[in-house]
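A short worksheet on the structure shown next.
Reminder, nothing fancy here: chain letters follow the sequence lines and each chain counts from 1.
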Number of protein chains: 2
Amino acid sequence: MNDLLGRVGDKWSALVIDALIEGGGVMRFTRIAEAVTGISQKMLTQTLRQMERDGLVMRTVHPVIPPHVDYKLTKMGLSLGKAFCGVWIWAGKHLEAIEKARRDFDARAGG
Amino acid sequence: MNDLLGRVGDKWSALVIDALIEGGGVMRFTRIAEAVTGISQKMLTQTLRQMERDGLVMRTVHPVIPPHVDYKLTKMGLSLGKAFCGVWIWAGKHLEAIEKARRDFDARAGG
DNA sequence: CTGAATCCACCTGGATACTG
DNA sequence: CAGTATCCAGGTGGATTCAG
């Protein structure tokens, strides 16, 4: 369980799931890379592999040239996305409060 | 936002919040260390500091000997715990499915 | 009891180059 | 396009020691 948290709670996984949901559930490698700002190609490959292994995404290779690979959220992946929803909303709602808390804390620490 | 995810989505933070909720909302350092299995003293201190800075916990030092320090979830911390709830539930519900998906994947990969 | 500080092995993750 | 492979800097986090 502990280990599972570290896995699904992974920052990149969450962002990839979000990207896939925003993108309609099916996206190609490069499109995901564009959607998830800041991710390196290596991390994306790694994250995607892991998510595939965990049954969160389905990887489909179309044997054409140039290669064409689709990533599709599975039911489980989608349900995880929904579970994350609460955290997304929380983050959006408390973003300012947290930044203020940090400033206050730093001010106290500095003074 | 991206950065916030990495912060609040941190594995230890989640576990500490969970421990605090289970423990009634107020706990001492050592009690948390016992509740959060596997965390080192350094990580606990670090996590707690960060959470204090983010306004998720309130740290109260009782000037006695031996020292007595209480950590209490703030409203914001509690609300984050509730936001996590969905993910906890999801994890519990899909734990087996994920393990099966992994076995299947590994079997395919191995064969 | 609660922490700070130090040392250090390990892993993460970015940059780059190469393949089919 | 979609990776794989390699190198490497930097951060993570455990163990240990010291202090109030």
Using atom names, set out every protein N or O paired with an N or O of nucleotides 8-10 of chain C below 3.5 Å, distance rounded to 0.1 Å.
none

Is there side-chain contact between Asp18(A) and Glu22(A), with heavy atoms separated by less than 4.5 Å?
-> yes
For residues 26-43 of chain B, which side-chain donor-acceptor pairs fall under 3.5 Å, sequence neighbours excluded?
from, atom 1, to, atom 2, distance (Å)
Arg28(B), NH1, His68(B), ND1, 3.2
Arg28(B), NH2, Pro67(B), O, 3.3
Ser40(B), OG, Met43(B), N, 3.2

Met43(B) CE to dA5(C) P: how many Å, rounded?
-> 15 Å
Could you give the distance from CG (Asp54(A)) to CD (Glu52(A)), rounded to the nearest 0.5 Å?
-> 10.0 Å
Name the pairs: protein N/O against N/O of nucleotides 17-20 of chain C, kept only if under 3.5 Å.
none

Heavy-atom distance under 4.5 Å between the side chains of Lys82(A) and Ile21(A), does that happen here?
-> no
Contact summary for Leu80(B) and Trp90(A), nearest pair of heavy atoms = N-NE1, 3.2 Å
Show me the donor-acceptor pairs within less than 3.5 Å that the side chains of residues 55-62 of chain B make with the rest of the protein, sequence neighbours left out.
from, atom 1, to, atom 2, distance (Å)
Arg59(B), NE, Tyr71(B), OH, 3.2
His62(B), NE2, Asp70(B), OD2, 3.0

Non-hydrogen side-chain atoms of Trp88(B) and Leu5(A) separated by less than 4.5 Å | yes
For DNA chain C, determine which residues of residues 46-56 of chain B have any heavy atom closer than 4.0 angstrom to one of its atoms, and list them numerically.
-> Arg49(B)
Which residues pass the side-chain contact (heavy atoms from CB on, under 4.5 Å) test with Lys93(B), sequence neighbours left out?
-> Ile89(B)
Check the distance between dA15(C)'s C1' and Leu44(A)'s CG and give it to me in whole angstrom.
-> 16 Å
Taking 5' to 3' order, which nucleotide of DNA chain D is first and which is last to have an atom within less than 4.0 Å of a heavy atom in chain B?
-> dG13(D) to dG20(D)
Students should find that the end-to-end axis angle of the helix from dC1(C)-dG20(D) to dG20(C)-dC1(D), with five pairs defining each axis and rounding to 10 degrees, is 40°
Touch class at under 4.0 angstrom, heavy-atom based, for Arg59(B) against every strand present | sugar-phosphate
What is the distance from OH of Tyr71(B) to C1' of dT2(C), rounded to the nearest Å?
-> 7 Å
Give every donor-acceptor pair under 3.5 Å between a side-chain atom in residues 7-14 of chain B and any protein atom, sequence neighbours left out.
from, atom 1, to, atom 2, distance (Å)
Arg7(B), NH2, Asp3(B), OD2, 3.4
Asp10(B), OD2, Trp12(B), N, 3.4
Asp10(B), OD2, Ser13(B), N, 3.1
Asp10(B), OD2, Ser13(B), OG, 3.1
Lys11(B), NZ, Asn2(A), OD1, 3.4

Working to the nearest 0.5 Å, report the span between CZ of Arg53(A) and CG of Leu48(A).
-> 14.5 Å
Student check: side-chain heavy atoms of Gln50(B) and Phe105(A) closer than 4.5 Å | no
Among dG3(C), dG14(C), dT2(C), the one nearest any side-chain atom of Thr30(B) is dT2(C)
For Thr74(A), the side-chain hydrogen bond (donor to acceptor under 3.5 Å, both in side chains) test, sequence neighbours excluded, returns none
Intermediate values then yes/no, side chain to side chain contact (heavy atoms under 4.5 Å, CB included), Met51(B) and Ile17(B) = CA-CA 9 Å; Met51(B) 291 173 65; Ile17(B) 288 180; 3.5 Å; yes
Check side-chain contact (heavy atoms from CB on, under 4.5 Å) between Leu95(B) and all other residues, then give those that pass, not counting sequence neighbours.
-> Leu4(A), Glu99(B)
Which of residues 5-27 of chain B have a heavy atom under 4.0 Å from DNA chain C?
-> none
Residues Asp104(B) and Lys100(B) bridged, charged N to O under 4.0 Å = yes
From Leu73(A) atom CG to Leu20(A) atom CG, the distance as rounded to the nearest 0.5 Å = 4.5 Å
